[in-house]
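Written below as structure tokens is the structure these notes are about.
Reminder, nothing fancy here: chain letters follow the sequence lines and each chain counts from 1. What you see is a predicted model; the values in this text were computed from it and never measured.
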There are 6 protein chains.
Amino acid sequence: MMSEERQLYLNGEIIPESKAKISIFDYWPLLGHCVTEATRTFAHKPFKLREHIERLLRSAKAAYVPCIHTVEELMELTEQVLTLNLHLIEDDDDYRIDHNFSPGLANRHADPDFRSPGPSLVIYVTPLQFHAWAKDYVDGCHIVTAFKREIPADCIDPKIKHRDRIHYRIMENEVAQVDVQAKPLILDLHGNVAQNTGANVFIVSGGSLHTPTSRNSLAGISKETVIELAKNIGIPVFERDIQPYDVMNADEAFLTSTPYCMLPATKFNFTTIGDGKVGRITKQLLDAWSEMVGVDIVQQALSRRLPEDIQTHL
Amino acid sequence: MMSEERQLYLNGEIIPESKAKISIFDYWPLLGHCVTEATRTFAHKPFKLREHIERLLRSAKAAYVPCIHTVEELMELTEQVLTLNLHLIEDDDDYRIDHNFSPGLANRHADPDFRSPGPSLVIYVTPLQFHAWAKDYVDGCHIVTAFKREIPADCIDPKIKHRDRIHYRIMENEVAQVDVQAKPLILDLHGNVAQNTGANVFIVSGGSLHTPTSRNSLAGISKETVIELAKNIGIPVFERDIQPYDVMNADEAFLTSTPYCMLPATKFNFTTIGDGKVGRITKQLLDAWSEMVGVDIVQQALSRRLPEDIQTHL
Amino acid sequence: MMSEERQLYLNGEIIPESKAKISIFDYWPLLGHCVTEATRTFAHKPFKLREHIERLLRSAKAAYVPCIHTVEELMELTEQVLTLNLHLIEDDDDYRIDHNFSPGLANRHADPDFRSPGPSLVIYVTPLQFHAWAKDYVDGCHIVTAFKREIPADCIDPKIKHRDRIHYRIMENEVAQVDVQAKPLILDLHGNVAQNTGANVFIVSGGSLHTPTSRNSLAGISKETVIELAKNIGIPVFERDIQPYDVMNADEAFLTSTPYCMLPATKFNFTTIGDGKVGRITKQLLDAWSEMVGVDIVQQALSRRLPEDIQTHL
Amino acid sequence: MMSEERQLYLNGEIIPESKAKISIFDYWPLLGHCVTEATRTFAHKPFKLREHIERLLRSAKAAYVPCIHTVEELMELTEQVLTLNLHLIEDDDDYRIDHNFSPGLANRHADPDFRSPGPSLVIYVTPLQFHAWAKDYVDGCHIVTAFKREIPADCIDPKIKHRDRIHYRIMENEVAQVDVQAKPLILDLHGNVAQNTGANVFIVSGGSLHTPTSRNSLAGISKETVIELAKNIGIPVFERDIQPYDVMNADEAFLTSTPYCMLPATKFNFTTIGDGKVGRITKQLLDAWSEMVGVDIVQQALSRRLPEDIQTHL
Amino acid sequence: MMSEERQLYLNGEIIPESKAKISIFDYWPLLGHCVTEATRTFAHKPFKLREHIERLLRSAKAAYVPCIHTVEELMELTEQVLTLNLHLIEDDDDYRIDHNFSPGLANRHADPDFRSPGPSLVIYVTPLQFHAWAKDYVDGCHIVTAFKREIPADCIDPKIKHRDRIHYRIMENEVAQVDVQAKPLILDLHGNVAQNTGANVFIVSGGSLHTPTSRNSLAGISKETVIELAKNIGIPVFERDIQPYDVMNADEAFLTSTPYCMLPATKFNFTTIGDGKVGRITKQLLDAWSEMVGVDIVQQALSRRLPEDIQTHL
Amino acid sequence: MMSEERQLYLNGEIIPESKAKISIFDYWPLLGHCVTEATRTFAHKPFKLREHIERLLRSAKAAYVPCIHTVEELMELTEQVLTLNLHLIEDDDDYRIDHNFSPGLANRHADPDFRSPGPSLVIYVTPLQFHAWAKDYVDGCHIVTAFKREIPADCIDPKIKHRDRIHYRIMENEVAQVDVQAKPLILDLHGNVAQNTGANVFIVSGGSLHTPTSRNSLAGISKETVIELAKNIGIPVFERDIQPYDVMNADEAFLTSTPYCMLPATKFNFTTIGDGKVGRITKQLLDAWSEMVGVDIVQQALSRRLPEDIQTHL
């Protein structure tokens with residue numbers, strides 16, 4: 001039934017997802033010139049939407065993507081797209097909201113009279129795939145050193161959130177061959193821990209949190225949220241260079257990312273981290289986050305656990 | 001008139017360009033997971049098509065893009081697309097042929113029963129934009145040091161030709177502010193000359209050619225062509241690390257790329273290279289290339305020179 | 001009139017500036033073996049003279065320039081030179097005081113009986129060139145990424161203040177071609193912000209100050225002064241690695257250097273920083289500095305503003 | 001007696017050496033903005049003068065020192081200075097000729113109406129200090145790893161010959177404390193052998209010559225001369241990255257520099273190289289050089305050997 | 001007399017030292033696969049034994065040495081070995097206790113039925129060689145920059161304490177030729193201070209302690225002890241990148257290592273540090289340590305001072 | 001039966017293997033100060049024994065292991081040990097011969113009167129474990145990118161062959177968890193291919209051989225043998241930086257090491273190399289080697305193939 005299809009925003013129009021196509025001559029696919037954001041809802045309300053939109057504009061500025069919208073306009077458009085789609089999910093479901101932003105159509109023929117139709121903007125929602133990480137909330141995931149290294153800020157600053165992720169796809173394919181359930185742990189060019197292909201990395205050691213700086217990893221909003229929660233609870237947080245030795249000898253470890261908030265990691269290169277169970281401080285922070293947003297984050301995922309877990313590369 | 005529109009190949013279908021759209025949930029735009037090639041015709045015949053297709057498959061292998069076509073099938077498809085469009089250009093015009101190749105639709109909902117509809121393949125042609133570089137054949141272009149550095153092979157190998165070029169777009173925007181007509185000269189992380197955003201770099205010094213190795217730059221087919229031509233003529237060629245000093249004090253310099261073959265560079269960071277004129281050996285190599293393909297490469301461009309040259313970032 | 005000429009100290013003698021010449025066989029010009037300091041006066045009194053002299057001796061020690069004077073002697077000599085010249089400037093003018101210190105004449109003929117006449121010491125004053133930066137106090141200056149990188153501490157420690165600045169002169173020439181009014185922003189070998197050719201760099205972000213460490217930049221006395229002022233006011237200060245992204249997305253930015261204290265920067269690579277105006281915290285710190293020294297720093301410069309600003313490379 | 005004093009060229013004038021002083025406000029001492037060359041005579045005739053002058057102009061171009069003379073003018077001026085001084089040395093003596101070239105007086109007061117009096121040029125001669133390296137021709141010198149590393153081309157290209165040598169002076173002081181007779185062997189940032197503070201480095205291994213590339217060392221004219229001589233004799237030459245292991249296990253080693261041509265090195269970090277004697281191929285090359293220039297290079301030095309050798313840092 | 005020989009623990013047995021031999025086919029000598037710890041006693045009681053054993057297990061985990069003992073078992077075994085040997089030293093003497101831990105015998109014949117006899121564990125004691133560093137407590141030692149650099153964590157993490165120290169032996173041999181009494185100061189690949197061949201490095205500057213981080217140096221237990229003592233006294237401590245300039249211009253410097261706790265350093269590359277005497281804060285910390293353990297650390301060493309001090313490389 | 005046990009040389013004595021123990025206070029186990037060689041026999045005759053002994057002495061010189069034997073003495077001792085053991089293997093078996101060389105007992109008590117008993121030398125033989133690599137001659141082995149990087153020459157030169165291989169053991173353990181049959185492919189700090197934990201790496205591409213230089217890998221004698229064989233056959237060989245892309249897209253690949261000479265590699269990170277079969281040029285070189293030494297290298301191994309292949313880490 002047509003009414004069941006999700007609607008999205010594409011360059012000024014609201015269209016059904018099945019029509020969500022973009023010209024191959026747009027700068028986005030043509031040259032990967034596209035900045036992006038991923039926000040999620042808790043109980044159908046966007047979480048830190050303003051922070052995400054502001055970071056989108058910082059990415060756009062640093063990547064020379066011209067922006068024709070204010071933060072307020074983008075927030076309003078986002079709410080509009082979300083509202084159109086809320087009736088399509090269950091009450092205890094939630095959405096991930098993606099923003100993609102490119103300079104629009106390229107002047108493919110080097111036409112001196114070319115007038116750009118303006119930047120491209122897409123806003124769409126995807127029901128959160130809780131089943132994909134439900135098992136990991138309970139058992140913790142396996143993180144495996146990627147064979148390739150994170151792109152240094154001297155080439156592309158990791159603080160720019162963009163869609164040029166061929167290196168992440170390569171890493172995910174390589175790590176999937178090592179363990180189909182594993183997630184890449186990416187090192188920087190000096191061998192320090194940088195991040196996961198879509199998440200920041202934290203370790204717990206001696207009662208403190210340790211996480212890389214934004215020199216070699218995204219200035220994650222989920223990362224910032226964990227830092228705030230930790231400070232409220234009284235857990236010291238250190239942003240510093242971390243080596244694989246620290247992960248291997250950590251008491252606990254976890255990833256942070258918009259869709260799943262925090263995902264415990266209990267194995268690193270086939271070696272158990274700590275006692276191999278999801279850690280006490282990890283749980284404490286997840287509980288604090290759940291309390292803050294009024295949604296039991298782990299329970300929400302577990303209620304959708306599949307008989308057999310699958311791997312996704314989205 | 002409909003019959004005037006160029007046709008392209010998109011996932012098994014021949015469609016007009018205006019319909020050339022791709023799902024935003026394809027791995028290509030979604031995660032930049034796309035390898036690519038650009039081939040050109042001389043007198044309407046593809047140049048070194050097999051070499052380009054073979055390199056495409058090497059890129060695909062290294063980037064984990066599954067390939068369902070043989071070299072022969074891809075060559076046949078390419079010829080087919082070209083044939084469909086040849087009547088749309090003048091006899092003395094030529095086409096650029098692009099191949100884009102991605103794993104296709106992502107399993108966006110992490111559906112355990114998801115069956116991929118297969119890789120995406122696009123083959124399309126674009127009339128070569130001779131007017132865009134006509135002036136540079138005569139006067140030489142201006143190359144300017146990019147503010148950002150080339151991504152090292154430890155992160156993404158430059159021998160993989162792909163569409164994740166946000167850093168090139170950033171460099172082009174930055175260099176355009178320095179001189180709207182200039183082209184970026186990209187250095188590697190050690191300060192050696194790497195390449196241009198879409199071309200290899202050669203200098204002429206003491207009667208020899210010098211060009212970076214494939215450690216930090218594309219293993220360009222135009223580059224290989226120049227090396228072959230030089231060897232035939234008896235000009236020594238050295239693939240080695242080159243520093244900006246070498247460019248500044250070179251006798252001649254030029255870029256090599258599929259669309260324009262060779263483009264003289266006569267100014268580097270506002271300083272003239274050699275005597276500031278297109279060099280003797282550069283001309284000799286361009287002549288040899290023209291002879292090889294039976295097309296006067298420079299004349300072809302000059303005949304389309306615009307009253308006022310424009311800048312293109314395609 | 002002779003009495004109008006400024007006097008300086010050169011190896012034990014007080015001589016007029018027009019006689020201020022040094023043998024080309026002194027280690028200073030011969031091999032660049034010379035450490036240096038620049039101090040300024042406020043209301044004709046030297047600012048932090050002791051700190052400057054002490055840093056001069058640290059530079060001398062690290063650079064193996066033998067020192068035959070104590071801190072006290074050097075301070076006394078400095079005051080003496082200053083006093084001799086104070087009557088030559090207006091009451092609301094001020095002096096820059098330079099110290100240059102080399103091992104003296106080289107044993108050019110490798111004479112085994114050579115006895116060095118001892119180290120060379122020059123102390124001279126220059127009226128501050130307020131007109132050269134008056135405009136920038138109001139509008140902010142333009143900082144542009146240098147094409148070359150800062151020399152790493154593994155080669156020459158940036159904490160040694162010396163006169164070997166050919167790389168700075170190269171950078172200034174290159175950046176002047178990009179924008180004749182711009183100042184170089186130098187990155188270190190990893191692409192982090194290091195410093196300007198004669199100044200430290202600060203950004204203001206989220207109400208805090210951020211500035212590089214002395215690993216890749218001079219341990220500036222003006223930098224230290226800003227840090228003290230900020231701490232007094234209650235503005236948090238972080239010495240850490242900063243990337244160009246941070247400058248581009250900063251709320252405010254400024255340079256610190258002895259002659260101008262603080263110089264606002266409002267444009268980075270042709271992109272406006274913050275709202276493109278001199279920032280609130282920048283002004284607050286400048287005001288605090290003015291109050292501390294009893295001189296309205298900005299007003300002093302504005303009163304000497306030229307009809308048309310000029311660029312100086314001194 | 002006045003007539004005994006050597007004459008030199010300084011900014012258009014011929015003056016006696018004792019008057020050879022330069023304003024401390026010239027860019028040369030002020031900011032180390034000065035390029036340079038050192039040429040020597042054999043039997044009173046300059047050796048490869050044109051090559052030296054051409055390299056001087058390449059240095060000037062890369063370092064943005066404006067040049068107002070042609071190669072021919074500079075050669076003529078040089079011959080003129082040389083001729084004026086030839087009667088002051090013995091028939092079997094020879095001169096070193098230095099060229100120093102700076103942009104001249106700085107606009108110290110940022111005066112908008114400042115007109116530069118033009119670039120500074122100094123040409124002077126110094127009798128070669130044969131006694132300083134006579135002993136090393138016979139016994140070989142001791143080379144010791146410097147504590148600091150060579151400045152990388154990303155900061156200042158080693159192919160620019162200039163006077164900013166404070167790091168060399170630091171290295172020479174440090175190495176002199178290790179062994180007062182030793183010469184620094186400088187490594188690059190990766191630990192490869194770069195050069196000496198004023199010389200290129202060669203090793204002989206398995207009958208071949210090996211020497212670093214111009215990526216991390218001066219493109220020395222003496223180095224080029226050795227390569228030509230070796231090729232004539234039939235000794236293979238490899239320009240490549242060399243590690244300290246290679247020096248320690250070499251059969252022979254030597255330095256090349258304008259004043260002494262080739263200086264054997266027989267000890268590296270207190271360990272003998274080869275059998276600890278000046279090597280066969282080293283001697284063969286020195287003989288070939290002597291033959292080429294009609295001067296017995298070693299004998300010329302030995303005839304001036306001092307009772308006790310001294311160390312010079314010139 | 002047999003009863004005078006020290007006893008040690010070797011793979012389950014207590015044997016006299018003279019029998020302390022290990023198969024050359026054990027992974028320890030065969031492939032250097034061995035982790036280690038060095039603990040000392042104060043007044044015959046082990047200091048921070050638990051911390052050392054826990055670090056041993058962290059090293060074992062990161063180096064894939066299988067561990068069959070608990071912390072408690074290892075502590076008990078250690079006490080047992082110590083007790084057996086206490087009667088062999090004077091009351092005012094103390095022991096160093098070494099733990100070496102390897103995977104045991106290698107499967108040298110690639111035998112598919114090979115059953116490893118299990119990991120090798122050695123625990124032995126050595127009377128502390130107070131005479132070897134007695135002089136340095138009084139005069140301070142000389143530290144000299146090593147010619148080789150510290151292995152980066154990307155190759156072997158410095159936090160793993162192991163026996164593969166051939167590079168330290170090379171450095172010690174090289175530095176001994178520079179000054180037979182000197183100790184190596186090792187820099188990391190970027191030229192920052194890393195550590196000594198068996199000790200951490202601290203400098204005192206402006207009343208604060210500064211020491212490298214565990215990115216490039218052992219997470220030393222003596223280092224941690226100094227940091228605790230300093231915090232108790234109220235001396236600020238900064239773990240950060242330090243450059244040789246900082247050591248040369250420090251007020252005080254010292255090494256920390258289990259056998260000697262803290263060893264003042266008063267000379268760096270032949271240049272005096274501070275006033276060349278053991279510093280006030282160094283003494284204050286040593287006193288605090290002595291007080292904490294009830295042993296006058298310096299006096300204990302001085303009472304065994306030799307007429308003439310010797311150099312040891314153990 | 002006692003007479004069946006192999007005999008070895010240990011510090012001047014011939015003893016049975018079961019007695020082959022070394023003091024834990026020898027510099028070899030104590031501080032990993034030990035250089036080494038592995039030679040093999042073909043038809044019971046040592047292959048290139050002189051080259052191995054000469055390399056041993058180069059390692060000893062660079063690692064400051066004092067050597068008291070000449071090449072000739074070491075060759076004679078080696079032949080003696082070999083002769084003693086030849087009757088213990090079959091006619092068609094062969095031996096690996098190991099030399100280990102350390103400075104001997106450490107002065108553990110820092111005794112000023114300590115007299116070293118002299119360097120330690122062990123020479124022993126091991127029957128070659130043909131069964132361990134028989135399968136790989138036929139099917140090719142799987143090489144997997146190691147998680148850690150090769151130690152750079154700036155820390156320990158890879159041309160020194162020594163026993164400090166804890167990082168190789170770590171890599172082998174990590175790679176064994178990825179695929180228990182796989183062998184590590186180690187990258188250098190820049191992401192270039194360096195070597196295997198005990199072998200050099202070659203790829204075949206376009207009919208040429210490509211292998212890393214000795215900057216980041218052992219100057220292997222088997223590697224040199226392959227290069228000689230290739231030159232005889234007329235196959236071009238390039239020593240240059242190779243990236244993982246090159247291995248993935250190679251036509252063939254193989255490892256070279258003393259025990260197995262050449263071992264084909266047909267899979268890299270789970271991706272087939274070429275057509276996944278042992279390559280034509282690989283076979284051609286193996287045949288040439290077999291012919292040179294009069295032993296069918298592959299057949300020798302196949303005749304000892306086990307029912308089920310095992311993994312060995314020796």
Side-chain angles (χ1 to χ4, degrees), chain C residues 8 10 17 20-35 62-65 100 103 106-112 114 122 124 126-127 129 131-132 148-152 154-156 160 162-170 172-174 189 306 308-314, chain D residues 8 10 17 20-35 62-65 100 103 106-112 114 122 124 126-127 129 131-132 148-152 154-156 160 162-170 172-174 189 306 308-314:
Chain C
L8 50 74
L10 176 56
E17 266 189 9
K21 298 194 169 186
I22 191 151
S23 166
I24 62 172
F25 306 116
D26 188 287
Y27 272 123
W28 174 10
L30 194 69
L31 294 172
H33 200 186
C34 177
V35 292
Y64 296 90
V65 178
N100 291 323
N107 182 5
R108 186 188 168 210
H109 299 103
D111 179 357
F114 178 76
V122 189
Y124 63 90
T126 313
Q129 311 133 28
H131 65 275
K148 290 283 172 191
R149 297 292 170 93
E150 187 54 275
I151 296 174
D154 208 0
C155 304
I156 308 177
I160 300 174
H162 58 82
R163 288 266 161 207
D164 288 25
R165 301 185 174 195
I166 194 170
H167 59 305
Y168 288 166
R169 287 289 297 157
I170 292 172
E172 284 171 342
N173 274 278
E174 288 178 339
L189 289 182
L306 287 187
E308 191 182 338
D309 290 289
I310 65 147
Q311 172 76 5
T312 176
H313 302 300
L314 184 60
Chain D
L8 50 72
L10 177 55
E17 267 190 8
K21 298 192 169 187
I22 191 151
S23 165
I24 62 172
F25 306 116
D26 187 286
Y27 272 124
W28 174 11
L30 195 68
L31 294 172
H33 200 186
C34 178
V35 291
Y64 296 89
V65 178
N100 291 323
N107 182 3
R108 185 186 167 211
H109 299 105
D111 179 358
F114 177 75
V122 190
Y124 64 90
T126 313
Q129 311 134 30
H131 64 277
K148 289 282 173 192
R149 296 293 170 93
E150 187 54 273
I151 296 174
D154 208 1
C155 303
I156 308 177
I160 302 173
H162 57 81
R163 288 265 161 208
D164 287 26
R165 302 186 175 194
I166 194 170
H167 57 306
Y168 288 166
R169 288 288 298 158
I170 292 172
E172 285 171 342
N173 274 277
E174 288 178 340
L189 288 181
L306 287 188
E308 190 181 338
D309 289 289
I310 64 147
Q311 171 77 3
T312 176
H313 301 302
L314 185 59

Answer yes or no: is there a side-chain heavy-atom contact under 4.5 Å between C/K21 and D/I22?
no
Looking only at heavy atoms, the pair that brings C/H109 and D/H131 closest together is O-CE1, 3.3 Å
Highest number of heavy-atom pairs under 4.5 Å with chain D among C/S23, C/P127, C/P103 belongs to C/S23
Okay, D/F114 and chain C: the region with an atom under 4.5 Å from a heavy atom over there is neither
Handout entry: Heavy-atom side-chain proximity of D/E172 to C/Y64 below 4.5 angstrom
Key = no
When the 4.5 angstrom heavy-atom criterion is applied to D/I160 and chain C, the contacting part is side chain
Nearest heavy-atom approach of C/I24 to C/L30 is O-CD1, 3.5 Å
Greatest number of non-hydrogen atom pairs under 4.5 angstrom with chain C, of D/C155, D/G32, D/C34, falls to D/C155
If one checks every heavy atom of C/Y168 against chain D at 4.5 Å, the contacting part turns out to be neither
The interface call for D/V122 against chain C, heavy-atom contacts under 4.5 Å, is side chain
Side chains of D/D164 and C/R169: does their closest heavy-atom pair fall under 4.5 Å?
no
